[in-house]
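The structure appears below as C-alpha cells.
One-based numbering, in listed order, for ligands and for the atoms of each.
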Amino acid sequence: MDLSVLAETAAHPSPPADDPEWWRSAVIYQIYPRSFADGNGDGVGDLAGVRQHLGYLRDLGVDAIWFTPWYDSPLADGGYDVADYRRINPAFGDLAEAEALIREALELGIRTIIDIVPNHVSDRHPWFQAALAAGPGSPERERFWFRPGRGERGDELPTGWVSNFSGDTWTRTVNADGTPGEWYLHLFSQQQPDLNWNHPDVRREHEDILRFWFDRGVAGVRIDSAALLIKDPALPEVPAAPGPGEHPNQDRDELHEIYRNWRELADSYDGTRVLVGEIWLPDIDRFAKYLRPDELHTAFNFDFLARAWDAGELRASIDQTLAAHAPVGAPSTWVLSNHDVTRPVTRYGRADSSFAFAAKRSGTPTDLDLGRRRSRAAALLTAALPGSLYLYQGDELGLPEVEDLPADRIEDPMHFRSGGVDPGRDGCRVPLPWRGTASPFGFSPDSAAGEPWLPQPAAWAALTVQAQQSDPASMLWLYTQALRIRRAEPGLGDGPLSWAEAPEGVLAFARGGAFLNVTNLSAEPVALPAHAAILLSSSPLDGGMLPPDSTAWLRTQH
Ligand code: NOJ
C-alpha cells in the first residue's frame, strides 16, 4: 500500500489495512511527550518535537508509538489526570497538530496508539466541578463515588481502602455553606476522582472518546488502570485474602462486559484498532481472561519486568506467561520498563534486581556497568520472545534512572503521598539527550528560553543519540540492529518457542527453523551451541565463548 497516497487523500486516515495482525508482533515505542523533544523551546516536550524526530523512530525500526496522555490536564499526575479527553494539552500542541502527527507517522509506516484513562478524571474535569457545585444527592454526583463519612460527625473515611499511591482513598468536600461535606473516592491522588462505571453517562462518554480518536486514525488505545474501573457498590473493606473476583475495587467480573463492548466498537473500524490493557494482577489466569478473543487484544506483562535477573526466575516468568496466554490465543507482550518503574540499566545493576513499587528504589548501591551489560542482554532476550515488544523512550539509549534530582524539582505524587519515602517516578522521566555536550542536549532548540523541565545529568553527554549513532558498541546501535533483524527474521515476533538444552544459568530457545537465542545469566562464559552464523551479540565474544550477562542470536542452519 502506498501510504503517502493514503495520507494525502484522507483528512483522517485509517492505519494501513495491509496486515490485520500487525499488533501480534509489533514493536511499540512509548513516548512520554513531556520528555521526548521540545519543539518550541519552553523546556517542555511537545508534539512539534515528536514530529521533528519521526525519522529517528523509523530508523530505529519501530512499528507503532504509544503516547502517555497528551490531553489537557493540570499534570497533577503527569497527565493521568485528564481535564478534557478531546483536547491536546496546550503545552504539547493542539488537535490539528496531533492529526498531522498521526498522518506523518503513518507515512513512515508507524501507527499511533494513545492512552485512555477511564478509571478517573482530573478534579478540574467539568463533570467533577459540576458534581462539587451541585451538592449532595444530585445526579451530577452519581457519576463519581460521593459518600457521607462514617461516625457520628461523618468525619471518618467511608472505607479504609489504601491508595495505589499510598495514603487514603477518600477526600472530604466542603458544602456551599462552608460546613464539612461528603467524601469522594480516589484510588490515586485526590486530584483524580474515580468515575462510577455503573453510570450510563460514564460508559457512553468513554465509547464516544474512543470513536473520537479512532475517527482520527489512531491504531489503538492503551487502557490505564484497566482492572480498576468497577467497584463493589456496597463499598466493603478489602478482605485479608480476597478470592478471585472478591476484591472490592480490582479485577471485578463486571469489567469484562465493558471490554466486550469496546472490542465491538474497535472491530467496527478498519485496519485493526487494538485495545491494550494496563493490568497489574498477581493471578496470571485472571489476567488472561481479559485477553479472550472478544475482549482486549493484549495487556502489559509486568511479571517479567518485576523479576530479578536470574535464569530460573526469568524462565519461570516466560513459561507462565506463554502458558497463560495460549488458551485465549492472545500474544504475550514483553516490557522491560515504562514511565512508572526504575530504568533497567539501574535496576539490573543492583544486588536485588527485582522491581516492586515503593521498595528498593533509591539509595541502593548500583553497578551501572553491570546494569548496562544486563540490559543489553535483556534487550535481545525480550526481542526474541514470542509476541509484541514495548520499548520505553530512552531505554534504547541505555539511560540510567536519575536518582539525584533536586528535591524542589520532584513532581510525582507518589513521592509526596509516601511522605517522601518513595523517591517517585521522575527519575525515569528526565528529558532525552539528543546531541551536543551540554544540557539541554538538543532536547530543546539551541535558542530555547526555558530549561528542561527536569534537569539532565552532565554525564548524559556520552549517551546522546548523536554520540551513539556513530558507535557500534552503543545501546542504540544494538537496538537498531536487533529491531532490523527482528523484522526480517520469519521466526521472531508472534509464533512458537522451543527451549533448547543449555547449561545451568543459560536460557536458550529456538524460534522458527533456524534461529536460536542464547542468554547467559551464569557467572561463567559458556560455549555457544553449533551454529552457522552469529547474527548479533550483546557483548563481544570471549575466545568464542559467550560472556556472563550476555545474549547471542544465532543462525543455526545454512
Ligand atoms: C498507571 C500509569 O501508568 C501511571 O503513570 C498513573 O499514575 C496511574 N496509572 C494512574 O492513572
State the atoms of ligand 1, each with its element, that fall below the 4.0 Å cut-off from a heavy-atom position in [X].
{"X": "His120", "answer": "10 (C), 11 (O)"}
{"X": "Arg425", "answer": "4 (C), 5 (O), 6 (C), 7 (O)"}
{"X": "Glu278", "answer": "1 (C), 3 (O), 9 (N)"}
{"X": "Asp224", "answer": "1 (C), 2 (C), 3 (O), 8 (C), 9 (N), 10 (C), 11 (O)"}
{"X": "Ser225", "answer": "9 (N)"}
{"X": "Phe165", "answer": "7 (O)"}

Query raised in the report: In the protein, what heavy atom is nearest to atom 3 (O) of ligand 1, and what distance, to one decimal place, separates them?
Result: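 Heavy-atom neighbour on the protein nearest atom 3 (O) of ligand 1: Asp340 OD2, 2.5 Å.
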Query - Pairwise side-chain contact, Trp453 with Arg409, heavy-atom cut-off 4.5 Å (strictly under) - result: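 SC-SC contact between Trp453 and Arg409 ruled out.
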Query raised in the report: Checking Arg141 against Phe146: charged group under 6.0 Å from the ring centre and within 45 degrees of the axis?
Result: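 Yes - Arg141 lies over the ring of Phe146, closer than 6.0 Å to its centre and within 45° of its axis.
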Report task. Please determine, by modelled atom types, if Trp170 and Thr159 share a side-chain donor-acceptor pair under 3.5 angstrom. Result ->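 Distance-only check passes for Trp170 and Thr159.
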Query raised in the report: Would Tyr290 and Asp251 count as having a side-chain donor-acceptor pair, cut-off 3.5 Å?
Result: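 Tyr290 vs Asp251: donor-acceptor pair found between side chains.
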Query raised in the report: Is it true that Arg86 and Asp208 have a side-chain N and a carboxylate O under 4.0 angstrom from each other?
Result: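 A salt bridge is present here (some side-chain N lies under 4.0 Å from a carboxylate O).
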Query - Trace of the salt bridge (charged side-chain N to carboxylate O under 4.0 Å, His left out) decision for Arg350 with Glu401 - result: CA-CA 12 Å; Arg350 294 174 175 169; Glu401 185 84 1; over 6 Å; no
Report task. Please state whether Asp77 comes within less than 4.0 angstrom of ligand 1, counting heavy atoms only. Result ->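 For ligand 1, residue contact (heavy atoms, under 4.0 Å) with Asp77 is present.
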